[in-house]
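A short write-up of the structure that comes next.
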There are 4 protein chains.
Amino acid sequence: MLEIPQDTDRLRRLPQQSRSQKRVTQILEAAARVFGKVGYEAASTTAIAKQAKTSVGSLYRFFPDKAAIFQALASFYMDRVREVFSEMLGSLNCDLPISSVIDQIIDTYYDDFLSQPGFRAVLLDYHFSPTATAIVENINREIEPYFEAFFAARAPEMEPEQIKLISMVTVEACCVLEFVSSQADETLRAKLRAEEKKLLVAYLKIYFPND
Amino acid sequence: MLEIPQDTDRLRRLPQQSRSQKRVTQILEAAARVFGKVGYEAASTTAIAKQAKTSVGSLYRFFPDKAAIFQALASFYMDRVREVFSEMLGSLNCDLPISSVIDQIIDTYYDDFLSQPGFRAVLLDYHFSPTATAIVENINREIEPYFEAFFAARAPEMEPEQIKLISMVTVEACCVLEFVSSQADETLRAKLRAEEKKLLVAYLKIYFPND
Amino acid sequence: MLEIPQDTDRLRRLPQQSRSQKRVTQILEAAARVFGKVGYEAASTTAIAKQAKTSVGSLYRFFPDKAAIFQALASFYMDRVREVFSEMLGSLNCDLPISSVIDQIIDTYYDDFLSQPGFRAVLLDYHFSPTATAIVENINREIEPYFEAFFAARAPEMEPEQIKLISMVTVEACCVLEFVSSQADETLRAKLRAEEKKLLVAYLKIYFPND
Amino acid sequence: MLEIPQDTDRLRRLPQQSRSQKRVTQILEAAARVFGKVGYEAASTTAIAKQAKTSVGSLYRFFPDKAAIFQALASFYMDRVREVFSEMLGSLNCDLPISSVIDQIIDTYYDDFLSQPGFRAVLLDYHFSPTATAIVENINREIEPYFEAFFAARAPEMEPEQIKLISMVTVEACCVLEFVSSQADETLRAKLRAEEKKLLVAYLKIYFPND
DNA sequence: TATGAATGAGACTTCATTCAT
DNA sequence: GATGAATGAAGTCTCATTCAT
């Protein structure tokens, strides 16, 4: 649902897709696929172009170099993440039990992001590709502030530092099963996801026992 | 303690290291450093050879190709992981509270494995490098059986499938903070580790409330 | 005065420049600038089109390929050179001392031709660009006949071969300072030009001592 | 005689040509040929490697990039020019008539340098190739000081500035026929060279009438 | 007819792998 | 057995040229 295509609800907002925008989108989608499959370093611009059903030349009309494609992809995801999380955590009914919140968040994060190989590639390559590291801010870092706000609302008396820590753990814990489940079958994935929710809820209950 | 060097207790035990073995060890250590710094793809065999203070030629006497080095490194870590975990989980006093067990396991896993860039590289590249993926079995999968045995001993009546699931989650959860903390400072790392222990213990208490 | 622009007296004479002719002129001017700055090989057709305030597409409507632009530019210069030299050497009063003739010729050659980067580019690239070499006749070769006629008039008894030789040397000598002076400042350029005139006059005095 | 080969008198001086030195020499000779044929921009590193009967890989072991090859070639020629001219002008008997000096100088300059396509390439590309321009000092500028010293010895009372000017003209005049004669046949070349000597001598006689 | 996006051959450069010394 | 120079396939990127709009 969050694939980069132009037919997304989210992207439909753009007035009308000019030829260029369509091309850029094609390339980013292709890049997501290729990076997702083999990683940044092993991804060749030719392969990306082929996936995008264009030529290298066209690709280079839009992106100065390979790193820029990665960066654009990362930026795209960051924007989506920011959008989705801010909307989700902002609009939550404050009386909702934490378990419901976690339920929704994990479902969204998995379905919209972690399930996409391109997103996973950005997450992983961040650790290595010198360019990538220089360019991409850890995407997860983007999400933390939303959790902080959310937790602060629940426990106004809690130390900000404490809240920050819990938020970090929460965010990271969201990725946990990503790595396990990447090769698992559908049924197992579902079970694992359920477990992950339990994991996170159990943890948060320590700090927010009444929610 | 788990650095690959030949001065390890473990390796020194070998009657006496032949010249070849020493050379292989050097190369693997070098590979761990280089893979750990730039990842599999960006690592060059020349760089590894230089780190190992040998020549590419020598390197290729021991390993047929770059993938083989990666594989050997992964195997090495797997063996260590198996050793350490089997020893640790096997020797645990069954009356030990789960929190203590988790405490020890996480400390060991972090200090002996995740703190090593080479180990992290294997973990990350496993997702991409086509060769690597083909070659390396998910290291974590190696650890699960030990947890299964451990949990089965605690809750003999539990469904094997259930146990398997809990083990998977437990193993994965051990990696959680790896990614967060890689750039964090010492103090923060310590705090995060403490949180991670809470996270896992809270989860396991669901299934083993009396431990 | 010899810049290629359409506002030249020479070109304005054309009944009225068709749109096409104007466009061709623009392109050639642009080509002169770009070739003059970076040379034939490094000049890109896009850069030429941009300089000419057209599109590559339009450029290719008039010229089949890059080499053709170079050729056209060279032809243009050759025509100008032929025009100017024939006029100059044809209209000279035969009683004029050789030094005055040289004076005028060198001034004209420098001011109208060699000072133009485009002309220099043609002269230099002639030696390399395989296409260019195949296409362009040595421009200087165009000028020789005029000198030959001129010298023959002065020394009717001289061997034609001898005259040919002197003409070649004369023509080449005109270029001499071009290369030195290209980076020199105004004052130095003037001095060098004066010396060049002396050089040539001294030489010609050998053969035409009374002129 | 000044071709870059290792069998030159000049280069023979090197104690013994190691494998590397031989390879570098091969590459530079090849570069001289290729640059000489098509110019810097149009010369491909592959073509140079092929000419040198090596692989691109080897070429890049010795030179970081194409520009470096050009630079090395230019440096080589500069060194030779400096050597040859300093030796020649330094060792000249001061009583020698100027015509003899010019005779020898022009012969040497032509036979040892200008006849070599590689040398001509360096001379020409100096005007264009941005890298080349940045790198190479105009070789001719190297020669001027030797002429200045030489002329100053002949006419101690002459203004230094005047001497500088004459030297510049002399050096440039040496190149004159280079361009004409590059496509001329043997006989014509000889004749042109003789004329060039006359040209220069006639000019210098203006300033040094008694020599 | 004018435009400039698209194409893809080919240039430069790197690096896994081989092999002569 | 050790070394590291040599090789060349493959990757990134540019630009002459074409063609749909």
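Residue numbers start from 1 in every chain, and the chains themselves are labelled A, B, ... in the order their sequence lines are given, proteins ahead of strands.
Using N1 to N3 plus N6-O4 or O6-N4 for Watson-Crick, or N1-O2 and O6-N3 for G-U wobble, each under 3.5 Å, E:dT21 pairs with F:dA2. Nucleotide F:dT14: paired with E:dA9 (Watson-Crick or G-U wobble, both distances less than 3.5 Å).
Rounded to a whole Å, the CG atom of C:Leu59 is 15 Å from the P atom of F:dC15. Note: CG (A:Asp65) to P (F:dT14) measures 9 Å, nearest angstrom. Straight-line distance from the CZ atom of C:Phe35 to the C1' atom of F:dA16: 12 Å, rounded to whole Å. Look at OH on A:Tyr40: it is 12 Å from C1' on F:dG11, rounded to the nearest Å. Rounding to whole angstrom units, CD of residue C:Gln26 and C1' of E:dA2 are separated by 13 Å. Going from atom CD1 of B:Ile48 over to atom P of F:dG4 covers 17 Å, rounded to whole Å. At whole-Å resolution of the value, CZ in A:Phe62 and C1' in E:dG4 are 11 Å apart. Between D:Lys50 atom NZ and E:dA11 atom C1' there is a gap of 13 Å when expressed in whole angstrom units.
Using a 4.0 Å heavy-atom criterion, one finds that C:Ala43 contacts the sugar-phosphate atoms exclusively. D:Ser58 comes within contact range of at least one nucleobase, with a heavy-atom separation under 4.0 Å. Looking at heavy-atom distances under 4.0 Å, A:Thr46 makes contact with a base.
Note: B:Thr25 OG1 to B:Phe76 CZ = 8.0 Å, rounded to the nearest 0.5 Å. In this structure, C:Ser58 OG and C:Gln26 CD are separated by 9.5 Å, a value rounded to the nearest 0.5 Å.
Residues C:Val56 and C:Thr45 come closest through the heavy atom pair CG1-OG1, 3.9 Å. Scanning both residues, A:Ala43 and A:Lys66, for their nearest heavy atoms gives O-NZ, 2.8 Å. Here the closest heavy-atom approach between residue D:Leu59 and residue D:Ala49 is recorded as CD1-N, 3.9 Å. C:Ile27 approaches C:Ile48 most closely through the heavy-atom pair O-CG2, 3.9 Å. Taking each heavy atom of D:Ala31 and D:Ile69 in turn, the nearest pair found is CB-CG2, 3.5 Å.
In terms of position on DNA chain E, the residue among D:Ser44 and B:Lys66 whose nearest nucleotide sits closer to the 5' end is D:Ser44. Toward the 5′ end of DNA chain F lies the nearest nucleotide of B:Thr54, the other residue of the pair B:Thr54 and D:Lys53 mapping further downstream. Heavy-atom distances to DNA chain E give each of B:Thr45 and D:Ala47 a nearest nucleotide, and the one nearer the 5′ end belongs to D:Ala47.
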When you compare the protein's N or O atoms with those of nucleotides 18-21 of chain E, which come within less than 3.5 Å of each other, and at what distance?
none

inquiry  = Quick one, C:Tyr40 with D:Glu41, criterion side chain to side chain contact (heavy atoms under 4.5 Å, CB included). Give me CA distance, side-chain angles, the key distance, then yes/no.
reply    = CA-CA 9 Å; C:Tyr40 176 80; D:Glu41 292 287 348; over 6 Å; no
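Remark: D:Arg23 is not in phosphate contact with F:dG4, judged by side-chain N or O atoms under 4.0 Å from OP1 or OP2. Within the structure, a side-chain polar atom (N or O) of A:Ser55 is placed less than 4.0 Å from OP1 or OP2 of E:dT7.
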